[in-house]
Engineer: 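Can you keep this structure in mind? I'll have questions shortly.
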Amino acid sequence: MTALLMTTAIVEVITGIALLAVPALLASILLGAALDTSAGLAVARLAGAALLALGLACWFGSRDTQSRAAIGIVAAMLLYNLAAVVLLLSLRYYVGMTGIGLLPASALHAALALWCIACLRAAWTQESSQE
């Protein structure tokens, strides 16, 4: 679980910083579309701040992976990663967006979701055996 949380922290912090610093560039790479309005830029930057917060939670959670809080962080990241896969693939296959980063980002989130599932199963198995 430590490796998952540290990897997630790094990925989300880097993405969060990119969304805060250059949201239009990241949107162009990811979605193949421009952020044309001030509102779009503001929402992208807000998403960047949220990703920084997720990254920070994962970083600190990686230091105490035996706690229920760390398990909660992994469960929350599972939900986030599943939602990201559904959203990104919907944008590609139903909306028709064609950004070069869309499918790789979908694959990354799918892999992270599977990793979250594996870690949660291991944690629940360990918890059950201790009872």
Side-chain angles (χ1 to χ4, degrees):
M1 191 179 299
T2 300
L4 167 67
L5 289 171
M6 290 183 82
T7 300
T8 300
I10 292 166
V11 168
E12 301 307 341
V13 165
I14 290 170
T15 306
I17 290 170
L19 276 171
L20 285 169
V22 288
L25 176 62
L26 192 60
S28 177
I29 292 168
L30 183 62
L31 306 173
L35 291 177
D36 294 337
T37 66
S38 297
L41 290 170
V43 169
R45 286 193 168 109
L46 182 60
L51 291 179
L52 280 173
L54 288 175
L56 187 64
C58 289
W59 184 261
F60 284 108
S62 73
R63 303 218 170 121
D64 186 17
T65 58
Q66 301 304 312
S67 71
R68 289 190 184 267
I71 293 170
I73 292 169
V74 174
M77 292 311 298
L78 172 60
L79 175 63
Y80 165 71
N81 283 307
L82 290 174
V85 170
V86 169
L87 175 64
L88 294 171
L89 291 178
S90 295
L91 291 173
R92 171 65 180 99
Y93 293 108
Y94 295 109
V95 178
M97 293 186 158
T98 58
I100 192 169
L102 196 53
L103 292 179
S106 300
L108 173 64
H109 283 287
L112 289 171
L114 290 173
W115 197 358
C116 287
I117 291 168
C119 287
L120 289 171
R121 286 186 59 162
W124 288 329
T125 301
Q126 182 179 6
E127 194 173 282
S128 295
S129 68
Q130 291 176 354
E131 291 178 357

Engineer: Might you point out which heavy atoms bring Thr65 and Ser62 nearest each other, and give the distance in Å?
Structural biologist: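 The pair with the smallest heavy-atom distance is CG2-O, 3.6 Å.
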Engineer: Can you list the other members of the hydrophobic cluster that holds Phe60, where links are side-chain heavy atoms under 4.5 angstrom apart?
Structural biologist: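 Leu56, listed by chain and number.
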Engineer: Please report, to 0.1 Å, the donor-acceptor pairs under 3.5 Å made by any side chain of residues 4-32, with sequence neighbours excluded.
Structural biologist:
| residue | atom | partner | partner atom | Å |
| --- | --- | --- | --- | --- |
| Thr7 | OG1 | Ala3 | O | 2.8 |
| Thr8 | OG1 | Leu4 | O | 2.8 |
| Thr15 | OG1 | Val11 | O | 2.8 |

Engineer: Sorted by first residue and then second, give each side-chain hydrogen bond (donor to acceptor under 3.5 Å, both in side chains) pair with at least one member in residues 33-47; sequence neighbours left out.
Structural biologist: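 Applying side-chain hydrogen bond (donor to acceptor under 3.5 Å, both in side chains) to every pair that reaches into residues 33-47, excluding sequence neighbours, yields nothing.
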Engineer: Of all heavy-atom pairs between Ala113 and Leu82, which one has the smallest distance, and what is that distance?
Structural biologist: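 Closest pair (atom of Ala113, atom of Leu82, distance): CB-CD2, 3.9 Å.
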Engineer: Checking one residue: Leu46. Which other hydrophobic residues are in its cluster under the side-chain 4.5 Å linking rule?
Structural biologist: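 When side chains under 4.5 Å apart are linked, Leu46 ends up in no cluster with other residues.
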Engineer: Check residues 93-101 and write down every donor-acceptor pair under 3.5 Å in which the side-chain atom is one partner and the other belongs to a residue at least two apart or another chain.
Structural biologist:
none

Engineer: Does any non-hydrogen side-chain atom of Met77 lie less than 4.5 Å from one of Leu112?
Structural biologist: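 No. Closest side-chain heavy atoms not under 4.5 Å.
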Engineer: Can Tyr80 be reached from Val85 by stepping across I, L, V, M, F, W or Y side chains whose heavy atoms are under 4.5 Å apart?
Structural biologist: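 Different hydrophobic clusters.
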Engineer: Find out if a path of hydrophobic residues (ILVMFWY) with successive side-chain heavy-atom gaps under 4.5 Å connects Ile71 to Leu78.
Structural biologist: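 They do share one cluster, since a chain of ILVMFWY contacts under 4.5 Å joins Ile71 to Leu78.
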Engineer: Tell me the closest heavy-atom pair linking Ile73 and Ala57, and the distance in Å.
Structural biologist: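 So the minimum-distance heavy-atom pair works out to CD1-O, 3.4 Å.
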Engineer: Please report, to 0.1 Å, the donor-acceptor pairs under 3.5 Å made by any side chain of residues 48-55, with sequence neighbours excluded.
Structural biologist:
none

Engineer: Taking all non-hydrogen atoms of both residues, which atom of Ser67 and which atom of Ala70 are closest, and how far apart?
Structural biologist: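 Heavy atoms only, the tightest pair is OG-N, 3.1 Å.
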Engineer: Taking all non-hydrogen atoms of both residues into account, name the closest pair between Gly40 and Leu35 and its distance.
Structural biologist: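 Closest approach of Gly40 to Leu35: O-CD1, 4.0 Å.
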Engineer: Does one hydrophobic cluster hold both Leu103 and Leu108, with members joined at side-chain heavy-atom distances below 4.5 Å?
Structural biologist: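 Looking at the clustering, Leu108 is in a separate group from Leu103.
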